[in-house]
**Q** 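Structure below; questions to follow.
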Amino acid sequence: MKPFQIYNSLTRAVEEFVPLKPGVVTFYSCGPTVYLPQHLGNMRAYVFVDTLKRALRFNGYDVRHVMNITDVGHMTSDADAGEDKIEKTARAQGKSPREVADFYIAQFKRDCAALNIELPPDAPAGDNPTPPQSALCRATDNIDAMIAVTLRIIANGFGYVTPSGVYFDVEKWRGPGGAGRLARQSLAEQHAGQRLEHSPDKKSPHDFALWVLNQPNHLMQWESPWGRGYPGWHIECSAMSMKYLGETLDLHSGGLDHIPVHHENEIAQSESATGHPFARYFVHNAFLVGMEGAKISKSAGRFPVLDDLIAEGINPLAFRVLCLGAKYRSELAFSLDSVRAAQKTLDYLDEFCRNARRAENEGNQNLELSESEDEIDEAVVRDVPWAGEYLERFELELNNDLNTPRALAIALEAVGEAYRRRDFGAVNLLFLFDTVLGLDLKTRLEESSGDQRVFGLLKLERLQKERERARLERNFKRADELRVEINREADELGYELRDTPGGQSILTPKRRRS
RNA sequence: GGCGGCGUACCCAAGUGGUUAAGGGAGAGGUCUGCAAAACCUCCAUGCAUCGGUUCGAAUCCGAUCGCCGCCUCCA
């Protein structure tokens, strides 16, 4: 297999991915700030992270993934002024900051589950994890680690303490007017034509807060060597990545918007503290655009969220298909139409899986839907002699800077070929592809395979039998009447009646029509 | 002002120097079917914002023009 290639923002080039330790990838990705529901643009970023993880696993890597949850320190404006985003929501809702964070964390986890995004396990309690390990970690649970990093930065001469806070000395780090490594903008360029309001304690307007002091209005405060206060926004990523994954990361991801400030500052903090390179590869996803104009129920005046799609009768995984249909580095135009088109693609794949299951049940073909993930590979090689070409192309595109649109296209082509050949053994090939695509095809097939049970659930068995008899007797008028009757009941559960070539009537999940 | 990106069919979107410009949706026709659905087949950009240039050859490189957008201040 060709090695995995990925675009590295540090070099602005597609590079072969080589982790520090063979076979293991340490991956840190910037997670949500939990003061609002995550909108679809946010979720695109997490679909990207999840797809990248799956692709790395497909390449045989053991991925240690850490994602942060920002529940303190993310300001509505300049880092040393402004209001904490979580506290702002807390005041508005009459809740404590912790309650606000808990609420939106739960919602975030729920949305990720709906999109089949696998999150790392919650960070274990206690201070001394055996790194590297996967973790979903909250900033407020890691204040000690942030203080420790800040102490190292000060000890190395890159941080200074003032009455209003501890600041990072950007000019000392970069040199006068030095250009940032990611943004490639000098300090002078960055703020040309700008007048930043800043604390008079700062040596330079570019300096940013590591720890903020003397802000009595803030709800969340902790004791520190410098007095009561709270951490700056950027420091959490430096502290937690180091704590769980070590001082040099293989991969660090985030949105494009993080390049000029957040990641630039993370690099400065981490490298000034440790003296080691912070991350070997930075990857950044582009935005989902057009959401403002998207005509989605209830979403007027704000960015649409996953619940808005669900309210439209769209499967969350259709949104995942939409994301896979564009490269992660390209802007993706969102609209109800584009996500509905994606839903059709998802329906097509589901339908193929159901047809395969039916073929298996009817014994039309010597076919076994593989049971475990380990069996899939074997089953594909054993049962589908023509699959090799597709598998090879799929891997090639996947490893070409995560070209998911092509990879998805290949999966769809393979399904078309399977239909033409009437070879449903290819369902195992599709399941194999799905370990990367993440559409949960296998699980959902199993869930929906109780078609016959739905008749029982709705007490429609008698009607079903009657209709099958009517069809057999070619009493089509009666059959059509019964279909209407059955569909009326089934519709509530999202099912509809369909006839198979074998003569049976079945209930299947309803297809949406646009 | 600075940095960066984008403009490919009705819609979403790959492709970034070389056979017939992926794939999906929508649309048209057909096969199959009692009907419906599903599935399959065929068609659907002689052209990739515009105009120049480089080249044997460009959607792909260079220049100009037009249009859209992001960032530099919180943002995935």
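In what follows, every chain begins at residue 1, and chains take the letters A, B, ... in the order their sequences are listed.
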**Q** From B:G4, B:A39, B:A76, pick the nucleotide closest to the side chain of A:R12?
**A**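 Among the listed nucleotides, the one closest to the side chain of A:R12 is B:G4.
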
**Q** Kindly assign one of parallel, tilted or perpendicular to the pair A:F282 and A:H284, based on the angle between their ring planes and the thresholds 30° and 60°.
**A**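 Answer is parallel, since the angle falls under 30°.
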
**Q** Measure CG/A:L398 against C1'/B:A22 and give the value in whole Å, please.
**A**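 In whole Å, B:A22 C1' lies 16 Å from A:L398 CG.
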
**Q** Check A:R320 against A:T51 and note the closest heavy-atom contact, atom names and distance.
**A**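 That closest heavy-atom pairing would be NH2-OG1, 3.7 Å.
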
**Q** What's the spacing between A:K85 NZ and A:D71 CG if we round to 0.5 Å?
**A**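 Rounded to the nearest 0.5 Å, the NZ-CG separation comes to 13.5 Å.
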
**Q** If you measure from the P atom in B:U16 to the same atom in B:U55, how many Å do you get, rounded?
**A**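 That atom pair is separated by 24 Å.
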
**Q** Under a 3.5 Å cut-off for both distances, is B:C40 Watson-Crick or wobble paired, and to whom?
**A**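 Per the H-bond distance test, B:G30.
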
**Q** Among the nucleotides B:G34, B:G23, B:C12, which one has an atom lying closest to any side-chain atom of A:L412?
**A**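 Closest nucleotide to the A:L412 side chain: B:G23.
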
**Q** Determine the Euclidean distance between corresponding C1' atoms of B:A14 and B:C72; express it in Å to zero decimal places.
**A**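 Straight-line distance between the two C1' atoms is 32 Å.
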
**Q** Grab the CZ-P distance between A:R420 and B:C40 for me, whole Å please.
**A**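 So the two atoms are 7 Å apart, to the nearest Å.
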
**Q** Provide the distance between the two C1' atoms, one in B:A45 and one in B:A26, to the nearest whole Å.
**A**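 Rounded to whole Å, the distance is 16 Å.
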
**Q** Roughly how many Å is it from NZ in A:K477 to P in B:A36, rounded to a whole number?
**A**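 It works out to 18 Å between those atoms.
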
**Q** For the C1' atoms, the ones on B:C71 and on B:A28, what distance do you get once it is rounded to whole angstrom?
**A**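 B:C71 and B:A28 have their C1' atoms separated by 45 Å.
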
**Q** By the 4.0 Å heavy-atom rule, please label A:Q38 as base, sugar-phosphate, or nothing.
**A**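 No contact at all - A:Q38 keeps every heavy atom at 4.0 Å or more from the nucleic acid.
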
**Q** When the nearest nucleotide of RNA chain B is assigned to A:L40 and to A:A409 on a heavy-atom basis, which residue is associated with the more 5' position?
**A**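 Closest to the 5' end, via its nearest nucleotide, is A:A409.
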
**Q** With C1' as the reference atom in both, quote the distance from B:G63 to B:U54 in angstrom, rounded to an integer.
**A**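 The answer is 11 Å between these two C1' atoms.
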
**Q** In terms of ring plane angle, is the pair A:F168 and A:F208 parallel, tilted or perpendicular, where the classes change at 30° and 60°?
**A**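 Correct class here is parallel.
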
**Q** In whole Å, measure the gap between the C1' atoms of B:G18 and B:G1 for me.
**A**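 It works out to 42 Å between them.
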
**Q** For B:U65, which nucleotide in any strand shown is its Watson-Crick or wobble partner with both distances under 3.5 Å?
**A**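 The base-pairing partner of B:U65, which may sit in any strand shown, is B:A49.
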
**Q** So which atom in A:R44 and which in A:K327 form the shortest heavy-atom distance, rounded to 0.1 Å?
**A**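 Where A:R44 meets A:K327 most closely, the heavy atoms are NH2-O, 2.9 Å.
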
**Q** Which letter, B, S or -, goes with each nucleotide of nucleotides 13-19 of chain B from 5' to 3', with contact meaning a protein heavy atom under 4.0 Å?
**A** SBS----

**Q** Over all strands shown, is A:H284 touching base, sugar-phosphate only, or nothing at heavy-atom distances under 4.0 angstrom?
**A**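 A:H284: no heavy atom of the nucleic acid under 4.0 Å.
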
**Q** Can you tell which of B:G24, B:C35, B:C40 lies closest to the side chain of A:D480?
**A**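 Selected nucleotide (nearest to the side chain): B:C35.
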
**Q** Does the side-chain ring of A:F287 lie flat on the base of B:A76, meaning centres under 5.5 Å and planes less than 30 degrees apart?
**A**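 Answer is yes, a stack.
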
**Q** Nearest to the A:T345 side chain among B:G24, B:G23, B:C40, which nucleotide is it?
**A**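 Shortest atom-to-atom distance from the side chain points to B:G24.
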
**Q** Rounded to the nearest Å, what distance is computed from the CG atom of residue A:N285 to the C1' atom of nucleotide B:G70?
**A**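 One finds 13 Å between C1' of B:G70 and CG of A:N285, rounded.
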
**Q** Determine the interplanar angle of the A:F352 and A:Y419 rings, folded into 0 to 90°, and report it as parallel if under 30°, tilted if 30 to 60°, perpendicular if over 60°.
**A**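 Because their plane-to-plane angle is over 60°, the rings of A:F352 and A:Y419 count as perpendicular.
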
**Q** Can you tell which of B:C74, B:A38, B:A76 lies closest to the side chain of A:N355?
**A**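 For the A:N355 side chain, the nearest candidate turns out to be B:A38.
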
**Q** Does A:R483 get its side chain close enough to the base of B:C35, under 3.5 Å, for a donor-acceptor pair?
**A**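 Flag set: donor-acceptor pair detected.
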
**Q** Is there a side-chain contact between A:Y7 and the phosphate of B:G5, meaning an N or O under 4.0 Å from OP1 or OP2?
**A**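 No, A:Y7 has no side-chain N/O under 4.0 Å of OP1/OP2 on B:G5.
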
**Q** Between the protein and nucleotides 59-62 of chain B, are there any N/O to N/O pairs under 3.5 Å, and if so, what are the atom names and distances?
**A**
none

**Q** Can you establish whether the number of heavy atoms outside A:E392 located under 6.0 Å from its atom CD is more than 12?
**A**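 Not buried by this count: 12 neighbours or fewer within 6.0 Å.
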
**Q** Provide the distance between the two P atoms, one in B:C68 and one in B:C74, to the nearest whole Å.
**A**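 B:C68 and B:C74 have their P atoms separated by 27 Å.
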
**Q** Regarding A:Y46 and A:D111, is there a side-chain donor-to-acceptor distance under 3.5 Å anywhere?
**A**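 No - no donor-acceptor pair under 3.5 Å links their side chains.
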
**Q** Using a cut-off of strictly less than 4.0 Å, decide whether A:K344 has a side-chain nitrogen or oxygen near OP1 or OP2 of B:A26.
**A**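 Yes.
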
**Q** Could you tell me how far B:U65 sits from B:A21 if I compare only their P atoms? Round to whole Å.
**A**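 Their P atoms lie roughly 32 Å apart.
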
**Q** Parallel, tilted or perpendicular, judged at 30° and 60°: which one describes the rings of A:Y28 and A:H252?
**A**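 Tilted.
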
**Q** For A:N42 and for A:S335, find the nucleotide of RNA chain B with the closest heavy atom, then tell me which residue's nucleotide is more 5'.
**A**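 Its nearest nucleotide lies further toward 5', so the answer is A:S335.
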
**Q** Between A:K203 and A:D169, is there a side-chain N and carboxylate O pair less than 4.0 Å apart?
**A**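 Yes.
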
**Q** Step by step, work out the side-chain contact (heavy atoms from CB on, under 4.5 Å) result for A:E485 and A:R467.
**A** CA-CA 10 Å; A:E485 206 168 323; A:R467 181 163 183 276; over 6 Å; no

